[in-house]
Every structure is written in structure tokens, then in C-alpha cells.
S.K.: 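Here it is, the structure, as C-alpha cells.
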Amino acid sequence: MFMYLRKNKKGFTLIELMVVVAIIGILALLGLRVYTGQQDKAKEAIVKANASTVHTLIQSELADGPITPATDVLSDIGCTATDCANMKNPFDGNIVIIDTIGTGDPGVVVVEASSTTHFLINAYGKDGEPLFGDNHLEAIR
């Protein structure tokens, strides 16, 4: 009689299956949180790189002489389509907005001109906080 009961027991019980599904769900949630955190860090690294590119462009223009601060800083520094082709906002896919007024929008590179020879450059991450903090990039002649 004992052999008969053992032969008919096949598969898993409902509780065993529910425990396995719960464990898989917990692992998937943990993996998703790590993945989205890494995505945001990568996007912020792109924004920092864009700010560094703008810094380099302004610095190279200042080497030739002072430039006139204006709202459209990119045209002032001679940023061509080739120079700025990769400067897209990773958070929304639009072209990076270069402005002279701090907006705090994610992905925005902000250039503040205190004179024709001194520029402060910062970039904003997902939370709207400056990525360089108070240690913004400076382009000085």
C-alpha cells in the first residue's frame, strides 16, 4: 500500500509553486531597481559629458579673444552641427538646451556669463539638482 501512494504523487503542490513565483518576483523587482538606477547614472554621465564639451568649446573660443554673452551661447561659441551632433538630452531625446539662465530641467546644460571672458557651466540631472554642485566648470580667459 505504501508503494501505491508514492507512485501517484507527481508534480508540485500549489504552495510550492506559489513560493517559487514569489521568490522570482522579488528577485525581478530587485534587479529592476538596480537597472533603473544604473540607467539614470548613465544619463547623468552623458549630461556631464555634454557640459564638458561646451566648456571645451567656450574655452577654445576664449583663446581667440572675448566673446559676447548672449542667450544662444552655442552660436556665440561657433558650435557647428558636427561639434554638437551628439549633444542630445538623454532624459527626453531633444537637443540639449544651452541657456544663460538656470532652469534645473533634467539634461539641461546651463552657461552663465558674468563677462565676455568668464563663463560658469553646470548641468542638471534627473532630480533637477546641479551635477557639478557648487564646483561648476569655469571657462576663463
Side-chain angles (χ1 to χ4, degrees), residues 2-141:
F2 180 70
M3 291 294 266
Y4 174 74
L5 289 175
R6 190 171 183 164
K7 252 185 179 177
N8 285 338
K9 185 176 179 183
K10 296 180 182 178
F12 300 102
T13 64
L14 182 60
I15 292 178
E16 290 171 332
L17 290 173
M18 288 175 58
V19 167
V20 170
V21 168
I23 291 171
I24 291 172
I26 290 170
L27 291 175
L29 283 176
L30 290 175
L32 186 62
R33 286 186 61 192
V34 169
Y35 175 71
T36 54
Q38 293 302 318
Q39 259 187 331
D40 290 339
K41 283 183 183 178
K43 288 177 181 179
E44 289 181 357
I46 291 169
V47 176
K48 275 186 174 182
N50 287 339
S52 297
T53 301
V54 170
H55 174 255
T56 304
L57 290 169
I58 291 175
Q59 198 68 25
S60 65
E61 279 294 315
L62 286 174
D64 296 335
I67 58 178
T68 307
T71 305
D72 187 9
V73 177
L74 277 182
S75 64
D76 281 354
I77 62 175
C79 184
T80 64
T82 307
D83 294 333
C84 300
N86 63 344
M87 294 180 62
K88 292 196 180 224
N89 186 336
F91 294 100
D92 61 17
N94 295 325
I95 298 296
V96 172
I97 301 166
I98 309 295
D99 202 352
T100 55
I101 301 167
T103 62
D105 292 336
V108 172
V109 176
V110 175
V111 180
E112 295 179 14
S114 58
S115 70
T116 58
T117 58
H118 188 228
F119 291 82
L120 304 177
I121 301 140
N122 215 327
Y124 291 87
K126 181 182 179 186
D127 56 1
E129 293 294 318
L131 294 179
F132 295 107
D134 291 333
N135 302 320
H136 45 262
L137 301 174
E138 290 188 70
I140 304 171
R141 179 167 191 244

S.K.: How about F12 and V20: do any of their side-chain heavy atoms sit closer than 4.5 Å?
M.R.: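 Side-chain contact under 4.5 Å: no.
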S.K.: Return the minimal non-hydrogen interatomic distance between A139 and I121, and the atom names on each side.
M.R.: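 Minimum heavy-atom separation between A139 and I121: CB-CD1, 4.2 Å.
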S.K.: On a heavy-atom basis, which atom in V47 and which in G107 lie closest, and how many Å separate them?
M.R.: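 Taking every non-hydrogen atom into account, CG2-CA, 3.6 Å.
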S.K.: To the closest 0.5 Å, what do you measure between CG (N50) and NE2 (H55)?
M.R.: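 Nearest 0.5 Å value for the CG-NE2 distance: 14.5 Å.
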S.K.: Is there a donor-acceptor pair closer than 3.5 Å between any side-chain N or O of D105 and the backbone N or O of Y124?
M.R.: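 No; zero donor-acceptor contacts below 3.5 Å.
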S.K.: For the backbone of I140 and the side chain of Q59, can you confirm whether one donor and one acceptor N or O come within less than 3.5 Å of each other?
M.R.: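 Indeed, once roles are kept as given, a pair shorter than 3.5 Å links the two residues.
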S.K.: Would you verify whether the NZ or CZ of K48 falls within 45 degrees of the ring axis of F132 while also being under 6.0 Å from that six-membered ring's centre?
M.R.: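 Verdict for F132: a cation-pi partner in K48.
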S.K.: I need the H118 NE2 to I58 CD1 distance, nearest 0.5 Å.
M.R.: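 The NE2 atom of H118 sits 11.0 Å away from the CD1 atom of I58.
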S.K.: Using a 6.0 Å cut-off, check whether atom CD1 of I15 has over 12 heavy atoms from anything other than its own residue.
M.R.: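 Open: at most 12 neighbouring heavy atoms sit under 6.0 Å from CD1 of I15.
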S.K.: Which atom pair, heavy atoms only, marks the closest approach of A51 to L137?
M.R.: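 Closest approach of A51 to L137, heavy atoms only: O-CD1, 3.8 Å.
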S.K.: To the nearest 0.5 Å, what is the distance between CD on Q39 and CZ on F91?
M.R.: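 Rounded to the nearest 0.5 Å, the CD-CZ separation comes out at 10.0 Å.
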S.K.: Take a 6.0 Å sphere around NZ of K126 and say whether it holds more than 12 heavy atoms from other residues, nucleotides or ligands.
M.R.: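 No, NZ of K126 has 12 or fewer neighbouring heavy atoms, counting only those of other groups under 6.0 Å.
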